[in-house]
Number of protein chains: 2
Amino acid sequence: MGDAASADDASARPVATTAGARAWQAVLEHVESRLLSGDLAPGDRLPGERALSAELGVGRSSVREALRVLEVLGLIRTQAGSGPSAGAIIIATPSGGMSALMRLQVAAHGFPVADIVRTRLILETAVAGELAEAVPAPDLAAADRLLDAMDSPDLVPSEFLALDATFHLALAEASGNQVIAATMAGLRSGIEGYALAGLATIADWGATSARLRHEHRGIVEAIRAADAASARTRIHGHISGYYAETFVVPTAAPPTPTPSPTPSPAR
Amino acid sequence: MGDAASADDASARPVATTAGARAWQAVLEHVESRLLSGDLAPGDRLPGERALSAELGVGRSSVREALRVLEVLGLIRTQAGSGPSAGAIIIATPSGGMSALMRLQVAAHGFPVADIVRTRLILETAVAGELAEAVPAPDLAAADRLLDAMDSPDLVPSEFLALDATFHLALAEASGNQVIAATMAGLRSGIEGYALAGLATIADWGATSARLRHEHRGIVEAIRAADAASARTRIHGHISGYYAETFVVPTAAPPTPTPSPTPSPAR
DNA sequence: CGCGCCAGTGTGGTCTGACCACACTACCAC
DNA sequence: GTGGTAGTGTGGTCAGACCACACTGGCGCG
């Protein structure tokens, strides 16, 4: 299947509101085209299932199958009852869909954990570097709050890990790149189980958490100091260090390239 | 999954085979747990919809909604009829799900096109660097074939672009990182429409395509020469160059960091 | 005996109609 | 005016019924 363009590709590109071998795909395409045309935008309500069913000439079950997909993909939120907040409402929360995708693919052995870690390494290293180089200093308030919360001495490891994950996500969000932020959320979700399992292999949690906290501070510090090289190196060591400590994940990639960016285009 | 508003970290983790406010979620969780336990693996057939329905005590429609999600996410392939290839079969083809996710999120304005391009830049630059540094020289045969195909003089622009996309995907696949390969496939799918639209803004297609072909050769050449720095710089310039030429997408990130991998701190 | 056709069977795909729980709305009694 | 209640429309779920399809097996013909 790894052949050239369009081998599988679940949804064809007919674009037409109709068409589609399967009825539910027609619904998906209809919604997509209305989204692309600007007819539908985040915040809008989709027609009711029965209305959509009648409008497209398909059964309600088919409409529901499509809506289910949209819901899992983080495109809509459904709410029973009546009133302004009821029905299927367009939202754009990719992290949910990304998380579901990653978790299931890991479960089905579609994504090796090592690949996820390596991808995290690449993305986070790049994010740290970008944050450090960002001209208008990025807003790290959320990250700071999380670091403070992680200093609380009575956190159980799993709580600490949750804060840790949120901290890394906060950095990605601070970069302003929504694709990276959502991808990071998904990656983390995919390896969550493994990170928790790795917890058991840590001998001295106190020492490890202290080290992690220190590394976190160092990363934020490097970003604030606009020291991209240091930020990249630190975050790379931080991530690969944790996985090296908990379970064997060949990090493969070199610690990190030095920055030396060209002066740079504005943005 | 409706974590839109509140802190989204840990949510949707019931894990239990049962549970789940909605019936279709129970099915999803059941499949996921069987996947995690190794009870189900790629290549296996899921029980029939009717059997699953009876087994879990939910209606067939609910089972179907869950299967639809699994199908879109690239986890299963369904085939009507009878025989060994019929039914719902576990596969692990994340690129399909990733593509659907990206396309729809872009359509719903959940993902700005600029962020996708920036992410592509980061991933591809890293991939090029890794390929150049890979100890057992990576297999670039697929990439070579695509480059040869792109030399054909009678390609229409859209065909050329399709080959171009496949070439970039081939590089990602050569890196052996499935997460990156799938992500790249998704990213490309999300901006496909924009790339095609940008085609119209190119004045001299012949010159542009010649330049692209030359840049491609240069990238592969740098990788073969194990010149990571050059590979990174070239691919960064290649990608940002095309988008700069077709439509305004602030590439933001600096051309690319120089390599200087761990082992040999040359320079 | 061998080959080809065809009913049988089980699968996913779809539709229909029904019921439930819920949330909001409107109305009516006090 | 205030309170509660019936009404209405939504998604959520279920049950049953077809259909198209692909494979299986047996039957009949050569």
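Because only heavy atoms are used, hydrogens play no part in the values below, and waters and symmetry mates are left out as well, while side chains stay in. As the structure is a prediction and not an experimental result, all values here were calculated from the model. Note on naming: letters A, B, ... go to the chains in the order of the sequence lines (proteins, then strands), and numbering restarts at 1 for each one.
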Practice task
Determine the contact category for R68(A): base if any of its heavy atoms lies under 4.0 Å from a base atom, sugar-phosphate if only primed atoms, P, OP1 or OP2 are that close, otherwise nothing.
Solution key: sugar-phosphate
Practice task
Please list, chain by chain and in numerical order, all residues satisfying side-chain contact (heavy atoms from CB on, under 4.5 Å) with A107(B), sequence neighbours excluded.
Solution key: E32(A), L35(A), L36(A)
Exercise for the section: For the helix from dC1(C)-dG30(D) to dC30(C)-dG1(D), measure the angle between the helix axis at one end and the axis at the other, each built from five pairs, rounding to 10°. Expected result: 30°
Problem - Between dA15(D) (C1') and E49(B) (CD): distance, integer Å - result: 15 Å
Exercise for the section: Give the rounded distance in Å between these two atoms: CZ of R77(B) and C1' of dG13(C). Expected result: 16 Å
Completion exercise
Taken in chain and number order and not counting sequence neighbours, the residues that satisfy side-chain contact (heavy atoms from CB on, under 4.5 Å) with S158(B) are V156(B), L196(B)
Practice task
Rounded to the nearest angstrom, tell me the gap between atom CD1 in I89(B) and atom P in dT11(C).
Solution key: 13 Å
Practice task
Tell me, please, which residues at least two apart from D39(B) pass side-chain contact (heavy atoms from CB on, under 4.5 Å).
Solution key: R34(B), S37(B)
Handout entry: Approximate separation, where rounding is to 0.5 Å, of E65(B) CD and S61(A) OG
Key = 8.5 Å
Exercise for the section: Scan side-chain atoms only and decide if R120(A) and Y243(A) contain a donor-acceptor pair under the 3.5 Å cut-off. Expected result: yes
Practice task
Remember a base hit wins even if backbone is also touched, and classify S62(B) as base, sugar-phosphate or nothing at under 4.0 Å, heavy atoms.
Solution key: sugar-phosphate
Can you pull every protein N or O that's under 3.5 Å from an N or O on nucleotides 18-27 of chain C?
residue	atom	partner	partner atom	Å
dA18(C)	N6	R60(A)	NH2	3.1

Completion exercise
When rounded to whole Å, the CG to P distance for the pair L28(A) and dT14(C) reads 12 Å
Problem - Gap separating the CD atom of E173(B) from the OG1 atom of T166(B), nearest 0.5 angstrom - result: 9.0 Å
Exercise for the section: Let me know the distance between CZ of R22(B) and C1' of dC14(D), rounded to the nearest Å. Expected result: 17 Å
Problem - Below 4.0 Å: OP1/OP2 of dG12(D) and any side-chain N or O of T78(A) - result: yes
Handout entry: Carboxylate-amine/guanidinium proximity below 4.0 Å for E71(B) and R68(B)
Key = yes
Handout entry: Value in whole Å for how far the P atom of dT16(C) lies from CZ of R64(B)
Key = 15 Å
Exercise for the section: Give the rounded distance in Å between these two atoms: CD of E65(A) and P of dC14(D). Expected result: 14 Å
Name each donor-acceptor pair under 3.5 Å that joins a side chain in residues 139-148 of chain B to protein atoms two or more places apart or in another chain, with its distance.
residue	atom	partner	partner atom	Å
D139(B)	OD1	A141(B)	N	3.1
D144(B)	OD2	R224(B)	NH2	2.6
D148(B)	OD1	R217(B)	NH2	3.1

Problem - First encountered from the 5' end of DNA chain C, between G57(A) and A88(B) - result: A88(B)
Practice task
Mind calculating the distance between CG (L56(A)) and C1' (dC15(C)) to the nearest angstrom?
Solution key: 14 Å
Problem - Electrostatic pair E192(A)-R103(A), nearest N-O below 4.0 angstrom - result: no
